[in-house]
Amino acid sequence: MREKELNHLEEFIPYLAEGATKKAYLEALSKGQSVLEVIDGVIYEVFGDGTKKKIKNVEASIKVDITKKIVLS
């Protein structure tokens, strides 16, 4: 595979990861499992019926620009 094609395909990885994460989140809730979610600096255990249980406060998250490419050396 040529470098240009590989770079083009790599651009889609963040979007595929986002979709897979959302799918896993919804599948867990639909199976009666809970999930952990950070909302406004607080970790909550979220249940399928929409209720939330506060676990703990956390520091503010770091925003990441998914359109930027980072090359690790």
Heavy-atom nearest pair, E45 first then I55, reads N-CG1, 3.8 Å
Say you draw a straight line from CG of L36 to NZ of K53; how long is it, rounded to the nearest 0.5 Å?
-> 10.5 Å
For F12, ring pair (Phe, Tyr, Trp, His ring centres under 6.0 Å) partners two or more places apart | H8
Rounded to the nearest 0.5 Å, how far apart are CD1 of I13 and NZ of K69?
-> 9.5 Å
First locate atom CD of Q33, then atom CD of E27, and finally report the distance between them rounded to the nearest 0.5 Å.
-> 9.5 Å
Does a side-chain heavy-atom distance below 4.5 Å link Y25 with T21?
-> no
Rounded to the nearest 0.5 Å, the OG1 atom of T67 sits from the OH atom of Y15 at a distance of 6.5 Å
With sequence neighbours left out, write down each residue that passes side chain to side chain contact (heavy atoms under 4.5 Å, CB included) with D40, or none if nothing qualifies.
-> none
Taking all non-hydrogen atoms of both residues, which atom of V58 and which atom of V42 are closest, and how far apart?
-> CG2-N, 4.2 Å
Looking only at non-hydrogen atoms, find the nearest pair between V35 and A28 and report the distance.
-> CG1-CB, 3.7 Å
The side chain to side chain contact (heavy atoms under 4.5 Å, CB included) partners of A17 (sequence neighbours excluded) come to none
Roughly how far, to the nearest 0.5 Å, is the CZ atom of F47 from the CG atom of L29?
-> 10.0 Å
Have a look at N7 and tell me which of E3, K4, E5 forms a side-chain contact (heavy atoms from CB on, under 4.5 Å) with it.
-> E3
Between S30 (side chain) and L26 (backbone), is there a donor-acceptor pair under 3.5 Å?
-> yes
